Amino acid sequence: MNTIIALAYLLAAALFILGLKQLSSPKGARNGNFTAAAGMVIALGATVPLLHFTKAGLEITAVGLVIGTLIGTVGARMVRMTAIPQMVALFNGVGGGAAALVAVAELLKFGVHPPLAEVFPSVFSIVIGSVSFAGSMVAFAKLQELMTGTPITYPGQQIVNLLLAATIVGFAVAVLAVASIPFSFIALMVLALVLGVAFVLPIGGADMPVVISLLNACTGLAVAASGFTLNNFALIVAGTLVGASGSLLTKLMSDAMGRSLGNVLFGAFGQVRAGVTAVGSGGQARSVRSASAEDLGTLLAYSQRVIIVPGYGLAVAQAQHAARELADVLEKRGVEVEYAIHPVAGRMPGHMNVLLAEANVPYEQLKEMDQVNDDFKNADVALIVGANDVVNPAARTTPGSPIYGMPILNADQAKNVIFMKRSMRPGFAGIENELMYGPNTVMFFGDAKDSLTKLVSAVKAA
Amino acid sequence: MNTIIALAYLLAAALFILGLKQLSSPKGARNGNFTAAAGMVIALGATVPLLHFTKAGLEITAVGLVIGTLIGTVGARMVRMTAIPQMVALFNGVGGGAAALVAVAELLKFGVHPPLAEVFPSVFSIVIGSVSFAGSMVAFAKLQELMTGTPITYPGQQIVNLLLAATIVGFAVAVLAVASIPFSFIALMVLALVLGVAFVLPIGGADMPVVISLLNACTGLAVAASGFTLNNFALIVAGTLVGASGSLLTKLMSDAMGRSLGNVLFGAFGQVRAGVTAVGSGGQARSVRSASAEDLGTLLAYSQRVIIVPGYGLAVAQAQHAARELADVLEKRGVEVEYAIHPVAGRMPGHMNVLLAEANVPYEQLKEMDQVNDDFKNADVALIVGANDVVNPAARTTPGSPIYGMPILNADQAKNVIFMKRSMRPGFAGIENELMYGPNTVMFFGDAKDSLTKLVSAVKAA
Amino acid sequence: MTNELLNELTFFVLAIFVGFEVISKVPTILHTPLMSGTNAIHGIILVGAILIAAGANSPVTIVLGLVAVILATTNVVGGFVVTDRMLEMFKGRQAAKK
Amino acid sequence: MTNELLNELTFFVLAIFVGFEVISKVPTILHTPLMSGTNAIHGIILVGAILIAAGANSPVTIVLGLVAVILATTNVVGGFVVTDRMLEMFKGRQAAKK
Ligand SMILES: NC(=O)c1ccc[n+]([C@@H]2O[C@H](COP(=O)([O-])OP(=O)(O)OC[C@H]3O[C@@H](n4cnc5c(N)ncnc54)[C@H](OP(=O)(O)O)[C@@H]3O)[C@@H](O)[C@H]2O)c1
Ligand SMILES: NC(=O)c1ccc[n+]([C@@H]2O[C@H](COP(=O)([O-])OP(=O)(O)OC[C@H]3O[C@@H](n4cnc5c(N)ncnc54)[C@H](OP(=O)(O)O)[C@@H]3O)[C@@H](O)[C@H]2O)c1
């Protein structure tokens, strides 16, 4: 029996690995998710013979599985595409919470002097799991706009957080060394929850994807630690896989934003303030050109080549279908249409791809930054829909700007630029965009979806 | 103590993995080799406490280590760069032999009825290790030209080999099931040695690199199997790492040659014969242009852009230094010189890179096929030095040719082609090369090194 | 260290290498689904949760077990379903491509 | 199966994944050095060879042990040295690059 269980766990681990591998290539990604799910089913099935149910145990297991399945399915099915980041945060948080609870329950079994080899991973799992839970909940709240997305800061914050972390470490060491108060880990858990909140509060809403990825990796490690406590192979390997791949992914994600992880986690304050000041001081004195839907419709209809640059505003306005519609009517008139996808357009990497895919935009029209950047100079129109930072020429021209050096889309090289947004307000980075004042730029103010719909009619009429 | 040994083995395994990782990126490759060597030292050191020396045991261990170190160092230091493939074959073979011997010695310890869990991996190790040993020796002999490099075939050969393999499997099953004759594994070993020879004989000398890589992976698996017999973690993990990465590498190598592994291993006969026939029937009737060193020197000296295409003949003639010298004198005259490196030019992937690097050709002048292929049409001269198949336009134009579809260097698009080889004989694939008869092609017959030296003088005189 | 702990440590180390290497070539566009997919995988904590819940015999362990199972199940089910929803889009694009 | 065998099997499976993934991005130009480097690593059989040789107490085991140690040592030493020679060239190129 034990042999079969061990082999089943091994098979599950292999399926998780294969699943991850497939998930990281566009062709196999969806299968990869199934493969990993199959691994999960096998691991759960193999666990059944290990269970010795009490009466209450059987009941709560069944009830728990049903409730969890309901919440999970409904939550995942109902969520709108734009709300996926916060959903992932939620699912990650509950995993961390579960890991912490499992570790607590396991520790309670050993009276006052549990063996060190059990206490150490348990304490780790409790602390990290709780931080992950609380942090994920704050990330969820920020993304769901239940609380402000701007960094919440106060003087001496970093010192307070540092003290908090130090207290936890001290407390953990005490638990490890003395371990005489059975409920000390409950206190540890509470402290860790506070730390989780405090850790995420000063990070801006737009950086949440990176934070979620980091907390995801943390949950993985907490799960692996629970595996050490329970001497369970499946938990150790699966948790470690997530911990390792999640850490790498976090780094890849902050790289894709052109920033270091440290900057994302701890640099929010200064940067945003500077941005805000810059906006306050500069701009607004100069005037911009704006135009009517009819004029722009004619311009578009008689172009040869149009490149659409989607951004966060398109996501917020749920304007992906309208964009697709505009592209369709333009193509019917023989205009060549492409989408220029900046890697960090929107609020998580891949955001634009997912949204435009949802609107059935053909794959070949989606162009990555490197592919498309040389094409702008041959484009008649660059149509910027709710994007801002990713086309800000300051990244190329203004040393000292917070986004200086970040690779951007060369929309400014197009013969005409149509800039669609609701106002002159800056984008996520909080800095002004010279492109709005460019000689070839025409502003078209309004909600992205409304504006695009107007353009569709205008093109049809042209 | 056991804890320390286990941790040391784990550290060694981690170093092997890191070493492999570094070895597969150009920047870290040399460090990777050191990292892996450090892992080896740690693994060996950790083994010392496990040893209980008999008097004879101490002596033979010491003597063996000294002799092996001498052979290894001298062999590896003395070998010429072009002879590296056969050296790798040799070192791989002895590893396989050692694995087989270790398995035999371990099996001898268990009287007549060793437990199946010991016998199975031992038998595997004996068979695979012996095949690897014998096969590698044949590969060595072919590459060192101790025997003919052409495939050795006779009617019904594949059937004979199949029967041989079947006998071994049958015998192995008998050993596993009955295991009553202690020396039956010696017989198994002898049979496996014969199979190793028979397996490699029908494969052409030029395919040896792929064969060596395959046997390398086999040795890795044999070592891992020995690890199962000895219950030794270091052997299992290191052997498996080599087995897995070696298998993938074998596939990558045959991919780089544009052929399937099956074709490399079993397809030699037909293909080569067809090639030979093709040559016998076609060609030779038409005439080719050839020119004097002086004419060619002038042509080169007054060119703007020369692309050198090195091939196997350059390696054989050890002409890399002469090529470098020619490039130097040309550059002094302001001629732009580049080297076009076909991935399978020579007789092993990376062969040309290694050779040219030996001659201190600057890195930037080495261009991979994809980088350089579009440049040929702007080149005044394509100087082909001992290459043949990799510039054969039949790969593009002649469906049915054995190399049809293989990506080639577009040397034929250069304004002038200087084709340096000793004769009109075909290259490795045994098929004729239309490019020799091309309107812009001039042949320059002779040993590559002599010819290049002549060209150097001619350019200086021009 | 016990043998068991040593083995577990070994699994841990090897899994770290696998985890790093296996995703090292992921394109930017797959970052979000990959994050979501790994998120579902750490739902394996459900195995731990039912091990705890099954043996629950005191009010404290019953509460802990029930909550742990609910949270972990939500993680597993929600994680895989939401990842699949995301990737469905990509499939749509592949189909569109053909 | 014994626990030991199960653990060994697990190491084996995880090592397969690591082996595959870790070299999956190797450029063509490094095929030969990589082959040579992995070739040196399987020289780890030397650990097995000295385990056998150390305890040799009969003519048969003495011969087997001696030959095995010689072969395995040649594999290790020759393998690493020849790989280093090959890679020295690449270093030369890197230097030239600067
Ligand atoms: N993708 C990621 O991984 C990621 C993660 C975290 C942070 N970020 C950051 O997010 C930014 C992404 O750049 P981006 O160009 O996509 O976005 P952005 O710079 O934030 O600009 C979005 C623009 O859309 C406009 N907008 C908002 N709602 C709109 C609506 N309903 N209709 C029309 N326009 C609307 C806003 O202007 P109005 O208010 O005037 O309308 C805003 O200027 C970068 O700074 C990046 O570093 C990205
Ligand atoms: N790189 C790999 O991984 C690998 C492995 C196995 C097989 N291969 C195969 O090897 C071939 C490589 O193509 P290649 O163009 O490099 O070589 P090739 O097609 O074999 O041609 C080499 C040419 O060099 C000439 N040559 C020989 N010795 C010479 C000397 N001393 N001086 C001057 N010329 C000399 C030969 O002609 P003469 O006899 O007339 O002088 C021959 O035609 C491909 O078919 C490839 O598939 C490659």
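Note: hydrogens, waters and symmetry copies are ignored here, and every other heavy atom, side chains too, is used. Treat the numbers as computed from the prediction; the structure is a model and nothing was measured. Numbered from 1 within each chain, the chains take letters A, B, ... in sequence-line order.
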Max heavy-atom pairs within cutoff under 4.5 Å with chain C, candidates A:Gly32, A:Ala99, A:Gly239, goes to A:Ala99

Among A:Phe133, A:Phe228, A:Phe53, A:Phe34, the residue with the most heavy-atom pairs under 4.5 Å to chain C is A:Phe228

One should read off an interatomic distance between A:Asn216 CG and C:Met35 CE, to the nearest 0.5 angstrom, of 7.0 Å

Smallest heavy-atom separation, C:Phe80 atom then A:Asn33 atom, equals O-ND2, 3.0 Å

Whatever's closer than 4.5 Å to a heavy atom in chain C on A:Met78 counts as backbone

Note: vs chain A, highest number of non-hydrogen pairs under 4.5 angstrom among C:Gly55, C:Ala49, C:Ser36 is C:Gly55

When the 4.5 angstrom heavy-atom criterion is applied to A:Ile236 and chain C, the contacting part is side chain

The interface call for C:Ile52 against chain A, heavy-atom contacts under 4.5 Å, is side chain

Pair count under 4.5 Å, heavy atoms only, with chain A: among C:Gly78, C:Gly79, C:Gly65, C:Gly37, highest is C:Gly78

Under 4.5 Å to a heavy atom of chain C? For A:Thr61 that would be both

Highest number of heavy-atom pairs under 4.5 Å with chain A among C:Thr61, C:Val13, C:Val77 belongs to C:Val77

CG of A:Leu252 to OG of C:Ser24, rounded to nearest 0.5 Å, is 8.5 Å

Shortest non-hydrogen pair, A:Ser24 vs C:Leu30, comes out as C-CD1, 3.8 Å

Separation between CZ (A:Phe16) and CD1 (C:Ile41), nearest 0.5 Å, reads 6.0 Å

Open item on the list: So for atom CD, which belongs to A:Glu368, do other residues, nucleotides or ligands contribute more than 12 heavy atoms lying within a distance under 6.0 Å?
Closed with: no

Looking only at A:Leu215, A:Leu70, A:Thr47, A:Leu18, most heavy-atom pairs under 4.5 Å shared with chain C are made by A:Thr47

| message | Does any part of the side chain of A:Phe91, heavy atoms only, come nearer than 4.5 Å to the side chain of C:Leu71, both counted from C-beta? | response | no

Applying a strict 4.5 Å limit to non-hydrogen atoms, the region of C:Ala40 in contact with chain A is backbone

Comparing A:Ile71, A:Ile67, A:Leu44, A:Val237 against chain C, the one with the most heavy-atom pairs below 4.5 Å turns out to be A:Leu44

Assert top hit (heavy-atom pairs under 4.5 Å, partner chain A, pool C:Gly43, C:Ala54, C:Ala15, C:Ser58) equals C:Ala54

Rounded to the nearest 0.5 angstrom, the CG-CD1 distance for A:Leu221 and C:Ile16 is 8.0 Å

A:Leu65 and C:Val69 have their tightest heavy-atom pair at N-CG1, 3.5 Å

Minimal heavy-atom distance between C:Ala68 and A:Leu101, with the atoms involved, is N-CD1, 3.9 Å

Honestly, the part of C:Val81 sitting under 4.5 Å from a heavy atom of chain A is both

In terms of heavy-atom pairs under 4.5 Å with chain A, the winner among C:Thr74, C:Val26, C:Leu51 is C:Thr74

For C:Thr38 and A:Ser245, the nearest pair of non-hydrogen atoms, with its separation, is CG2-OG, 3.7 Å

Answer key: most heavy-atom pairs under 4.5 Å with chain C among A:Ile341, A:Leu249, A:Ile84, A:Leu230 is A:Leu249

Heavy-atom closest pair (A:Ala43 atom, C:Ile44 atom, distance to 0.1 Å) is CB-CD1, 3.6 Å

Honestly, the part of C:Glu8 sitting under 4.5 Å from a heavy atom of chain A is both

Residue from A:Leu23, A:Asn92, A:Leu51 scoring the most non-hydrogen pairs under 4.5 Å with chain C is A:Asn92

To the nearest 0.5 Å, atom OG1 of C:Thr32 lies from atom CE of A:Met253 at 5.5 Å

Tell me, do A:Val88 and C:Met86 make a side-chain contact under 4.5 Å, heavy atoms counted? yes

Under a 3.5 Å distance rule, please check whether A:Thr54 uses its side chain to pair with a backbone N or O of C:Ala56 as donor and acceptor.
yes

Value for NZ (A:Lys21) from CD1 (C:Ile23), rounded to nearest 0.5 Å, stands at 12.5 Å

Under 4.5 Å to a heavy atom of chain A? For C:Thr2 that would be neither

Assert top hit (heavy-atom pairs under 4.5 Å, partner chain A, pool C:Asn57, C:Val47, C:Asn7, C:Ile50) equals C:Val47

Turns out that what part of A:Val79 lies under 4.5 Å from chain C's heavy atoms comes down to both

Requested in this report: For the pair A:Thr240 and C:Phe17, evaluate side-chain contact (heavy atoms from CB on, under 4.5 Å) and give the outcome as yes or no after the intermediate values.
Outcome: CA-CA 9 Å; A:Thr240 310; C:Phe17 281 111; over 6 Å; no

